[in-house]
Amino acid sequence: MDGLEEVRQLSQNLGKIAGSALDDVDAVLKKGAQNIKSEMAADVSASEHFKGMAGSISYDRHYLPGRARYVIGPDKGRRGGSLGNIYYFGTSRGGGSGDIDKPLRSEEPRTVSQLEALAARWADQL
């Protein structure tokens, strides 16, 4: 195979990977977002004073062409959601007992591992 044919083949393979890459990455990120949401809700449920806001924890997908992004946390439009700022950040009168980064720290190794596995799978397809 000459150099031009190899470049052409690589280009075709990259096109096939790119077509499914965003869907594959989005599936991994969605699972990670669900895991973070579940851990946040469990943490809030364990709080004596803030357990009523557990049902307000949600996630939203924000899709832009070529990008998948999730926003996770208390939804102020849901019952108890407005307590999220007090639970996580506190006020001059107290609060701030929630660790907003803990669920992300827990999930990060799993999500990164799954993304690395995707990258390895794509590399094998080249």
Side-chain angles (χ1 to χ4, degrees):
M1 193 181 312
D2 70 347
L4 184 57
E5 183 58 33
E6 288 177 4
V7 170
R8 192 172 291 134
Q9 184 64 42
L10 177 62
S11 174
Q12 288 174 349
N13 290 345
L14 284 173
K16 290 176 190 173
I17 291 171
S20 66
L22 186 58
D23 290 339
D24 293 344
V25 169
D26 186 53
V28 169
L29 294 180
K30 182 177 182 179
K31 176 67 174 164
Q34 179 60 47
N35 291 344
I36 291 169
K37 173 192 172 281
S38 296
E39 187 170 340
M40 288 178 85
D43 290 348
V44 170
S45 293
S47 169
E48 179 181 348
H49 302 290
F50 293 95
K51 59 186 167 195
M53 68 173 267
S56 74
I57 306 292
S58 65
Y59 66 86
D60 292 319
R61 179 177 182 245
H62 292 272
Y63 178 80
L64 297 170
R67 284 198 257 167
R69 184 179 114 189
Y70 287 83
V71 176
I72 311 157
D75 182 340
K76 291 182 181 181
R78 293 182 175 191
R79 182 179 171 264
S82 60
L83 296 173
N85 281 342
I86 298 169
Y87 176 69
Y88 289 112
F89 306 111
T91 68
S92 61
R93 301 176 78 191
S97 57
D99 184 351
I100 198 166
D101 294 323
K102 178 183 155 283
L104 180 60
R105 286 191 307 268
S106 297
E107 183 57 30
E108 181 183 23
R110 290 186 293 254
T111 299
V112 168
S113 175
Q114 290 176 1
L115 291 172
E116 288 172 345
L118 281 177
R121 190 180 83 206
W122 296 329
D124 289 342
Q125 294 175 12
L126 295 176

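In what follows, every heavy atom counts, from backbone to side chain, and hydrogens, waters and symmetry copies are set aside.
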Participant: Does Glu107 come within less than 4.0 Å of Arg110, counting only side-chain N to carboxylate O?
Facilitator: yes
Participant: Under the rule for side chain to side chain donor-acceptor pair (under 3.5 Å), what residues qualify as partners of Lys76, not counting sequence neighbours?
Facilitator: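 With neighbours one apart ignored, the set is empty.
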Participant: Can you list every pair that meets ring pair (Phe, Tyr, Trp, His ring centres under 6.0 Å) and has a residue in residues 93-120, with sequence neighbours left out?
Facilitator: none
Participant: Determine the minimum heavy-atom distance between Gly81 and Pro74, stating which atoms define it.
Facilitator: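 Nearest pair, atom of Gly81 first, then Pro74: O-CB, 3.7 Å.
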Participant: Ignoring hydrogens, what is the shortest heavy-atom contact between Lys37 and Ile57? Give both atom names and the distance.
Facilitator: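 Residues Lys37 and Ile57, closest heavy atoms: CE-O, 3.3 Å.
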Participant: Not counting sequence neighbours, which residues clear side chain to side chain donor-acceptor pair (under 3.5 Å) with Ser38? List them please.
Facilitator: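 Result, side chain to side chain donor-acceptor pair (under 3.5 Å) vs Ser38: Gln34.
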Participant: Strictly by salt bridge (Lys or Arg N to Asp or Glu O under 4.0 Å), give each pair with a member in residues 77-94 just once, sequence neighbours left out.
Facilitator: Asp75-Arg78
Participant: Just how far is it from atom CG of Leu115 to atom CD of Glu108, taken to the nearest 0.5 Å?
Facilitator: 10.5 Å
Participant: Atom NE2 in His49, atom CD1 in Ile86: separation rounded to 0.5 Å?
Facilitator: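 Answer for the NE2-CD1 pair, His49 versus Ile86, is 12.5 Å.
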Participant: Using a 6.0 Å cut-off, check whether atom CZ of Arg105 has over 12 heavy atoms from anything other than its own residue.
Facilitator: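 Enclosed.
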Participant: By side-chain contact (heavy atoms from CB on, under 4.5 Å), which residues pair with Glu39, not counting sequence neighbours?
Facilitator: Asp43, Lys102, Pro103, Ser106
Participant: Can you see which heavy atom on Ser56 is nearest to which on Met53, and at what distance?
Facilitator: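 Shortest heavy-atom contact: OG-O, 2.7 Å.
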Participant: Test: ring pair (Phe, Tyr, Trp, His ring centres under 6.0 Å). Region: residues 67-118. Which pairs qualify, not counting sequence neighbours?
Facilitator: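 For residues 67-118: Phe50-Tyr87, Tyr59-Tyr70.
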Participant: Please name the residue in the list Ile36, Asp60, Ile100 that meets the side chain to side chain contact (heavy atoms under 4.5 Å, CB included) test with Ile72.
Facilitator: Ile36
Participant: If you look at every heavy atom in Thr111 and Gly32, which pair is closest and at what distance?
Facilitator: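 Between these two residues, the closest heavy atoms are OG1-CA, 3.9 Å.
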Participant: Taking atom CG of Asp24 and atom CG of Leu29, what is their separation to the nearest 0.5 Å?
Facilitator: 11.0 Å
